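Worth saying up front: this structure is predicted, and the values here are computed from it rather than measured. The basis for the numbers below is simple: all heavy atoms, side chains too, and nothing from hydrogens, waters or symmetry mates. Starting from 1, each residue takes its place in the sequence as its number.
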Amino acid sequence: MTSLTLLTKVYNKGQLKQIEMSLQATFEDLDAQIQVLDKPVNRWVKVQVTGEDENVAKSYITKQIGICPNSIEEITVNTEWKGYLQKINTPEGLTVDIGILEQKPIYAHIPLNTIQTQLLNGADIPLKKITELFALGIDLPVSIKIKNIQATAAENVIEAEFSPIQLELFKNWQNSLLDRLLILGITTDEATATIERTRLNRDVISIEPLGLFEQVLTCKLGTDATGLIPRIGRYMRNTQLLIFNPKKHNY
């Protein structure tokens, strides 16, 4: 039996069932049984894989969904990991959950001065303003690079920065000059259905996933992402909506 923590968090129990059904359908022609544990820790999805083809299933899951590290010993300096924003610690910086679930969760921290250097060319802008500019909200999936690790019996500290992939994503969003509405808590199919129901097809160019349950709506030129919220908000009451407006990036 193989136990894995998938690189995805859930927002409700129904999403656990969605994942289990999807994985079972994927491996229906293999000798691999998938069980999603019904009590996720810190909302991370944990699965157990059994059967003669469990290594094949594990390889597929690792490549297509991603898995979290089992312990801090698997983390090394200069490696890149995906995680979720866990806490916004004004004025210290950001806390990122990368799924290390030992006796208690171990988080990575991005200091404020690192954030200012990477995103703002060193401009002395408060973290609260930075989170507004870059749509940095709790549960946002982000990619980080490990800069320093201090593992002791008393305390485990992981210092990180945004990875080149994450920085490139922000840069592309800035350069496009298009508003984006980030929706945390739904699938791509659910976002698509909502756009069709509200007849916003002409206002939204694309829907891109940041994770299984996190989507980015790219607005057409001239469409204000804030204006979409009243129209779709009633269909997304259990989600978090974040706005990325590149026109505000004048610093």
Side-chain angles (χ1 to χ4, degrees), residues 1-76 79-86 96-102 105-108 137-146 158 160 162-166 168-169 182-193 206-217 239-240:
M1 181 179 69
T2 299
S3 296
L4 303 170
T5 301
L6 303 188
L7 188 56
T8 187
K9 287 191 175 189
V10 291
Y11 300 79
N12 57 64
K13 288 187 177 181
Q15 292 172 347
L16 286 174
K17 194 63 178 178
Q18 283 181 278
I19 292 173
E20 185 170 62
M21 293 175 62
S22 176
L23 290 175
Q24 288 175 347
T26 298
F27 303 128
E28 62 180 353
D29 294 329
L30 299 178
D31 183 7
Q33 292 75 50
I34 306 293
Q35 180 184 6
V36 176
L37 303 187
D38 61 1
K39 293 183 179 180
V41 179
N42 253 25
R43 298 185 12 248
W44 289 106
V45 180
K46 297 184 70 70
V47 302
Q48 292 180 342
V49 186
T50 57
E52 292 186 3
D53 295 323
E54 68 177 71
N55 286 334
V56 176
K58 177 184 177 181
S59 178
Y60 175 89
I61 290 172
T62 301
K63 292 179 181 179
Q64 298 299 320
I65 300 177
I67 59 176
C68 299
N70 292 312
S71 68
I72 195 170
E73 283 73 25
E74 294 184 21
I75 304 295
T76 57
T79 55
E80 297 179 18
W81 297 87
K82 289 191 69 175
Y84 288 75
L85 286 185
Q86 174 73 16
V96 182
D97 186 357
I98 57 175
I100 302 177
L101 304 173
E102 295 183 316
I106 300 174
Y107 303 126
I138 304 300
D139 288 333
L140 179 72
V142 292
S143 176
I144 63 173
K145 183 177 180 180
I146 306 301
I158 302 174
F162 288 118
S163 72
I165 292 175
Q166 188 67 44
E168 185 66 21
L169 178 67
L182 284 62
I183 308 174
L184 311 184
I186 63 171
T187 65
T188 302
D189 288 344
E190 289 168 336
T192 300
S206 65
I207 302 173
E208 300 174 26
L210 291 176
L212 287 180
F213 301 108
E214 297 85 22
Q215 316 302 324
V216 180
L217 309 187
T239 65
Q240 182 181 182

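- Across all their heavy atoms, P69 and E74 have their closest contact at CA-OE1, 3.4 Å.
- For the pair F162 and V96, the minimum side-chain heavy-atom distance is 4.5 Å or more.
- Here the side chain of E190 pairs a donor or acceptor atom with the backbone of T187 at under 3.5 angstrom.
- Here salt bridge (charged side-chain N to carboxylate O under 4.0 Å, His left out) pairs that include residues 9-32, with residues two or more places apart or in two chains, are K9-D97, K17-E20.
- The backbone N or O of I75 sits nowhere less than 3.5 Å from a side-chain atom of T79 that would complete a donor-acceptor pair.
- Here CD1 of I183 is found 10.0 Å from OG1 of T188. Values are rounded to the nearest 0.5 Å.
- Counting all heavy atoms, side chain and backbone alike, Q215 lies closest to A191 at CG-CB, 4.2 Å.
- Within the model, atoms OG1 of T8 and CD1 of I65 stand 8.0 Å from one another, a figure rounded to the nearest 0.5 Å.
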Test side-chain contact (heavy atoms from CB on, under 4.5 Å) applied to I146 and T76, step by step
CA-CA 7 Å; I146 306 301; T76 57; over 6 Å; no
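- Smallest separation of non-hydrogen atoms from L184 and I138: CD1-O, 3.6 Å.
- Once rounded to the nearest 0.5 Å, the distance linking CG of L101 with OG of S71 reads 11.0 Å.
- Using modelled atom types, no side-chain atom of N42 and backbone atom of W44 make a donor-acceptor pair closer than 3.5 Å.
- Side-chain contact check for L210 versus L140: some heavy-atom pair is nearer than 4.5 Å.
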Step by step, work out the side-chain contact (heavy atoms from CB on, under 4.5 Å) result for I34 and T26.
CA-CA 10 Å; I34 306 293; T26 298; over 6 Å; no
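- In terms of heavy-atom proximity, L6 sits nearest to C68 at O-SG, 3.6 Å.
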Evaluate V45 against T5 for side-chain contact (heavy atoms from CB on, under 4.5 Å), listing each step before the verdict.
CA-CA 6 Å; V45 180; T5 301; over 6 Å; no
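- In terms of heavy-atom proximity, P40 sits nearest to L16 at CD-CD1, 3.9 Å.
- Distance CD/Q240 to CD1/I186: 12.5 Å, rounded to 0.5 Å.
- Sequence neighbours left out, the pairs with a member in residues 51-66 that pass side-chain hydrogen bond (donor to acceptor under 3.5 Å, both in side chains) are T2-E54.
- Q166 places a side-chain N or O within donor-acceptor distance of the main-chain N or O of S143, the cut-off being under 3.5 Å.
- Shown here for Y84 and L7, the closest heavy-atom pair between the two residues is OH-O, 4.2 Å.
- Atoms OG and CG, on S3 and L37 in that order, are 7.0 Å from each other to the nearest 0.5 Å.
- A side chain to side chain contact (heavy atoms under 4.5 Å, CB included) with D139 is found for one member of Q86, R43, E214 and no other, namely R43.
- Q15 places a side-chain N or O within 3.5 Å of a backbone atom of G185 that can act as its donor or acceptor partner.
- In this structure, CD1 in I98 is found 12.5 Å from CD in E80, a value given to the nearest 0.5 Å.
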